[in-house]
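Written below as structure tokens is the structure these notes are about.
The analysis underlying the following values was restricted to heavy atoms, covering all of them including side chains, and did not include hydrogens, waters or symmetry mates.
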Amino acid sequence: MRTALVVPAAGRGERLGAGRPKALVELDGRPLLVHALERAVASGVIDVIAVACPPGAVEHVRILLEGALPVEPLLVEGAGDRQASVWAALSALPADADVVLVHDAARCLTPPAVFADVVRAVRAGAAGVVPVLPVTDTVKRVRGGRVVETVDRAELQAVQTPQGFRTAVLRAVHDAARGAPATDDAGLLEAAGHRVHVVPGAEEAFKVTRPLDLVLARALLAAGNADPPVPEGGTDRER
């Protein structure tokens, strides 16, 4: 039984404004995708990796990743939306991958410990697991340019990746929902009636979406606060 990592990396990244797919934008000389995969592998819990590449860029990504990781990724061509890209990568996984993590390349500084925590929770019996952080901003529901409600944030959590699943469950809900929009994979499980559990997320696991996010990521790397990969062990939160 093995744990797989699926990375949908085919997004255009228009809000980042870099003129290239977001996963291939460089951070300190290396693509966001490489940073993300290094941290995933450093967790010590990943056996198989499948990356959904930007359309037409499979060979380019293969060259970028050559020799960069101890695990040689399976590369497939992604699609026009995230859900289709996840399905393409899922379809490439070997049959013995019983747990799968789905991770955004844009969350390139996610600490290795988060990957380990998610896998541990799935192997403890959960069908789906997501890392979360409490919402700290005041949240208001707005309609027609007017505030209609201030939402109680006590029960609100911001969801991150990697999201972890039993592979058979994720395949089943993706197969049933193909063509229906979904902002994350856990939402598909929720819609199908599965319980999704949570583990603590990490502030470093923010999503690089806008130019300001790249500035923050560079600052964290420069300050040594981005939990860089460790070659062995050290995946517990206490380290």
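When all heavy atoms are compared, the tightest approach of D117 to V199 is O-CG1, 4.1 Å. Nearest heavy-atom pair across P31 and L64 is CG-CD1, 4.1 Å. Residues A40 and I46 approach most closely at O-CG1, 3.5 Å, considering heavy atoms. Among all heavy-atom pairs drawn from V102 and T161, the shortest one is O-CB, 3.6 Å. For the pair A9 and A105, the tightest heavy-atom approach, listed with the atom from each and the gap, is CB-CB, 4.4 Å. Residue L133 comes nearest to G201 through the heavy atom pair CD2-C, 3.8 Å, listed as atom of the first residue, atom of the second, then distance.
Although no hydrogens or angles enter the test, the distance criterion places no donor-acceptor pair under 3.5 Å between the side chain of E72 and the main chain of L65. Within the 3.5 Å criterion, the main-chain N or O of V139 finds no donor-acceptor partner in the side chain of R153. Of the possible donor and acceptor atoms, one in the side chain of T167 sits under 3.5 Å from a partner among the backbone N and O of D98. One N or O on the side chain of R166 and one on the backbone of G125 form a donor-acceptor pair closer than 3.5 Å. Judged by distance alone, the side chain of E77 and the main-chain N or O of G56 form a donor-acceptor pair under 3.5 Å. Side-chain N or O atoms of D213 include one that pairs as donor or acceptor with a backbone N or O of T209 at under 3.5 Å. With hydrogens and angles ignored, the 3.5 Å screen pairs no side-chain donor or acceptor of E38 with any backbone N or O of L69.
Few gaps surround CD on E149; more than 12 heavy atoms of other groups in view lie less than 6.0 Å from it. Remark: E203 CD is loosely packed, at most 12 non-hydrogen atoms of other residues, nucleotides or ligands lying under 6.0 Å away. Counting non-hydrogen atoms of neighbouring residues, nucleotides and ligands closer than 6.0 angstrom, the CD atom of Q157 exceeds 12 such neighbours.
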Chi angles and distances behind the side chain to side chain donor-acceptor pair (under 3.5 Å) call for T3, R123: CA-CA 10 Å; T3 299; R123 293 210 174 275; 3.1 Å; yes

Stepwise ring-ring contact (aromatic ring centres under 6.0 Å, His included) test for H194 and F165: CA-CA 11 Å; H194 295 281; F165 310 94; 9.8 Å; no

Derivation and outcome, side chain to side chain contact (heavy atoms under 4.5 Å, CB included), residues V86 and L90: CA-CA 6 Å; V86 171; L90 268 178; 4.2 Å; yes

Chi angles and distances behind the side chain to side chain contact (heavy atoms under 4.5 Å, CB included) call for D184, V159: CA-CA 9 Å; D184 74 344; V159 176; 4.0 Å; yes

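The existence of a salt bridge linking E190 and R195 is excluded, since no basic side-chain nitrogen approaches an acidic carboxylate oxygen closer than 4.0 Å. Salt bridge annotation for R82-D104: present, with a cationic side-chain nitrogen under 4.0 angstrom from a carboxylate oxygen.
Neither side chain, R141 nor T150, offers a donor N or O lying under 3.5 Å from an acceptor on the other. With no hydrogens or angles considered, no side-chain donor-acceptor pair links D28 and H35 at under 3.5 Å.
Taken from CZ in R62 to SG in C53, the straight-line distance is 8.0 Å, to the nearest 0.5 Å.
Tracing side-chain contacts under 4.5 Å through hydrophobic residues (I, L, V, M, F, W, Y), one never reaches V76 starting from V48; they form parts of separate clusters.
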